[in-house]
Structure formats: structure tokens, C-alpha cells
Amino acid sequence: ATTKFSLALSNRGGEFTPENTASAYYGLLEPGVPIRFTATHSATDYTICTGYAMRWQMSWAAGAVSMCQVECEDIFALLRDADSVNVTADDTRDTDAALIAIMDALGFVAGDRNFDDGVQALPMHFAVGQNPLEAMMQIAASEMGGMLYPDATGRIGVTPPLSSRWRLATTSTRWSW
């Protein structure tokens with residue numbers, strides 16, 4: 001499921017009205033625009049959440065300040081709503097390479113992902129006409145039950161990290177009483 005959130009912006013000067021050609025944001029207020037919430041503490045900025053504006057809705061009421069309601073969703077919405085993905089067959093991919101191949105096929109960049117090195121070799125990986133989010137979830141699950149998640153900066157990761165699972169699975173603990 002995607003994370004959804006909304007925010008209300010004062011639109012007193014009309015700067016958040018998509019049709020306002022005098023606005024500095026003219027042409028930029030479209031679905032898919034990245035939105036990042038940050039908080040500052042002791043002069044340090046912290047990213048709380050990153051998502052994408054999906055809808056910009058204006059409201060004007062007599063005697064009130066004009067407002068712009070922005071409906072946002074995380075990166076999973078972009079994957080869920082993307083066209084079906086096709087990735088050519090390859091018998092040398094591990095899980096992170098398969099996830100990267102899907103994101104690359106959709107035009108996502110390296111900054112949109114945060115994958116550790118996968119340890120699960122996939123005997124043959126390909127995607128034909130698959131929903132990108134569903135295909136990626138299947139790959140993550142093949143890595144010892146991993147799950148995809150969007151981090152605060154908006155990047156997709158796999159939890160727990162792919163390489164740490166391998167360390168957990170291959171490390172023995174010696175107990176002494």
C-alpha cells in the first residue's frame with residue numbers, strides 16, 4: 001500500500017494555481033512533482049517524509065484566504081500506476097540487480113533506490129507485461145521474505161537490508177553457560 005498525505009498551502013498570491021502564468025511555479029505544478037517535508041533542529045535539517053504531488057486542488061471562499069490542497073503519495077504510487085514493465089531475460093541477476101533492472105526500465109535513477117547487494121541468485125529473471133510494483137515485491141520476497149519500503153528521503157529499499165540477511169543466516173552464535 002502507498003503512503004498518502006496532504007498539505008494545505010496558502011494561495012493568497014495565486015502562486016500555487018497551475019494556470020497562473022505569472023507564478024514562479026507555472027508549468028511545474030503537475031502530478032509527480034517531488035515533495036519533501038523537513039524539520040530543523042539545532043540548525044540541522046532532517047527529512048521527515050518524501051512523496052510526490054498527485055493533485056493540486058484550489059479553493060476560494062468569500063472572506064477567506066485562497067488555499068491549495070496538495071494530495072501526495074510515496075514512490076510506490078508511481079510504480080503502482082506505471083505502465084507494465086518489460087525486462088529482457090538474464091541468467092546472471094541477483095535480487096538487487098533484478099530490482100534495479102525494473103526501475104531502470106521505467107526511467108528511475110540511482111537516487112531513487114537504496115539496495116544492498118542481494119545474495120539470492122535468480123536462475124532466470126525477466127518481466128513481461130508485469131505491474132512494476134508487483135514484480136518488485138515478488139523479487140524482494142524471494143530474498144528470504146524481504147519487503148520493499150520507501151525511506152524518509154523517498155528511496156526504495158528492502159528490509160531488512162539484503163546483505164545483512166546473509167550475515168544473519170551465515171553467522172553462528174556459540175552459547176556458553
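We count residues from 1, following the sequence as given.
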Exercise. Is I48 linked to V33 within one hydrophobic cluster, defined over Ile, Leu, Val, Met, Phe, Trp and Tyr using a side-chain heavy-atom separation of less than 4.5 Å?
Worked result: yes
Exercise. By side-chain contact (heavy atoms from CB on, under 4.5 Å), which residues pair with D104, not counting sequence neighbours?
Worked result: I100, R113
For this session: Please report the shortest heavy-atom distance between D91 and P123, naming the atom on each side.
Result: CB-O, 3.3 Å
Problem set entry | All pairs passing ring-ring contact (aromatic ring centres under 6.0 Å, His included) where residues 6-26 contributes a residue, at least two apart | F16-Y25
Problem set entry | Partner set under ring pair (Phe, Tyr, Trp, His ring centres under 6.0 Å) for F37, not counting sequence neighbours | F5
Exercise. Can you list every salt bridge (charged side-chain N to carboxylate O under 4.0 Å, His left out) pair that touches residues 62-84, not counting sequence neighbours?
Worked result: E73-R80
For this session: Give a yes or no answer on whether the side chain of T50 reaches the backbone of A152 with a donor-acceptor pair at less than 3.5 Å.
Result: yes
Exercise. Going from CE on M137 to CG on L99, what distance comes out if it is rounded to the nearest 0.5 angstrom?
Worked result: 11.5 Å
Using residues 52-63 as the side-chain source, report each donor-acceptor pair under 3.5 Å to any protein atom, sequence neighbours left out, with the distance given to one decimal.
unit_1: W56; atom_1: NE1; unit_2: E30; atom_2: O; d: 3.4
unit_1: W60; atom_1: NE1; unit_2: S66; atom_2: OG; d: 3.0

Exercise. Side chains of L133 and L148: closer than 4.5 Å at any heavy-atom pair?
Worked result: yes
Exercise. Within the distance-only criterion (no hydrogens, no angle test), does the side chain of D96 pair as donor or acceptor with the backbone N or O of D117 below 3.5 angstrom?
Worked result: no
For this session: If a pair satisfies salt bridge (charged side-chain N to carboxylate O under 4.0 Å, His left out) and one of its residues is in residues 121-131, list it, with sequence neighbours excluded.
Result: none
Exercise. Does a side-chain heavy-atom distance below 4.5 Å link L122 with T95?
Worked result: yes
Exercise. Where do S10 and V65 come nearest, in terms of heavy atoms and distance?
Worked result: OG-CG1, 3.5 Å
Problem set entry | Hydrophobic cluster identity match, L106 and L78, side-chain contacts under 4.5 Å | yes
For this session: Mind running side-chain hydrogen bond (donor to acceptor under 3.5 Å, both in side chains) on Q130 and S84 for me, showing each step along the way?
Result: CA-CA 5 Å; Q130 284 186 279; S84 297; over 6 Å; no
Exercise. Can you name the closest pair of heavy atoms from V85 and A105 and give their distance?
Worked result: CG2-CB, 3.8 Å
Problem set entry | Verdict with supporting geometry, F76 and M136, side chain to side chain contact (heavy atoms under 4.5 Å, CB included) | CA-CA 10 Å; F76 281 4; M136 290 177 68; over 6 Å; no
Exercise. Do R155 and T153 get their side chains close enough for a donor-acceptor pair, meaning under 3.5 Å?
Worked result: yes
Exercise. If Ile, Leu, Val, Met, Phe, Trp and Tyr residues are connected whenever their side-chain heavy atoms lie under 4.5 Å apart, and connections chain through other members, are L29 and L9 in the same group?
Worked result: yes
Exercise. Quick one: does N11's side chain have a donor or acceptor within less than 3.5 Å of a partner on E15's backbone?
Worked result: yes
Seminar exercise, completed: Closest non-hydrogen contact found for P132 with A82 is CG-CB, 3.9 Å
Problem set entry | Closest contact, heavy atoms only, I102 versus A135 | CD1-CB, 3.8 Å
For this session: For T40 and D45, run side-chain hydrogen bond (donor to acceptor under 3.5 Å, both in side chains): C-alpha distance rounded to whole Å, both residues' side-chain angles, the deciding distance at 0.1 Å, then the answer.
Result: CA-CA 4 Å; T40 304; D45 292 333; 2.5 Å; yes
Exercise. Is there a side-chain contact between T88 and D90 (heavy atoms, below 4.5 Å)?
Worked result: no
Exercise. Run the side chain to side chain contact (heavy atoms under 4.5 Å, CB included) check on S6 and V70 step by step: do they pass?
Worked result: CA-CA 5 Å; S6 63; V70 185; over 6 Å; no
Seminar exercise, completed: Tightest non-hydrogen contact, residues P150 and I75, listed as CB-CG2, 4.1 Å
Exercise. Do V87 and F126 pass the side chain to side chain contact (heavy atoms under 4.5 Å, CB included) test, and can you show the C-alpha distance, the side-chain angles, and the key distance before you say yes or no?
Worked result: CA-CA 5 Å; V87 176; F126 61 94; 5.7 Å; no
Exercise. Is I139 close to H125 at the side-chain level, that is, under 4.5 Å between some pair of heavy atoms?
Worked result: yes
Exercise. Considering only heavy atoms from C-beta outward, does the side chain of F108 approach that of L79 to under 4.5 Å?
Worked result: yes
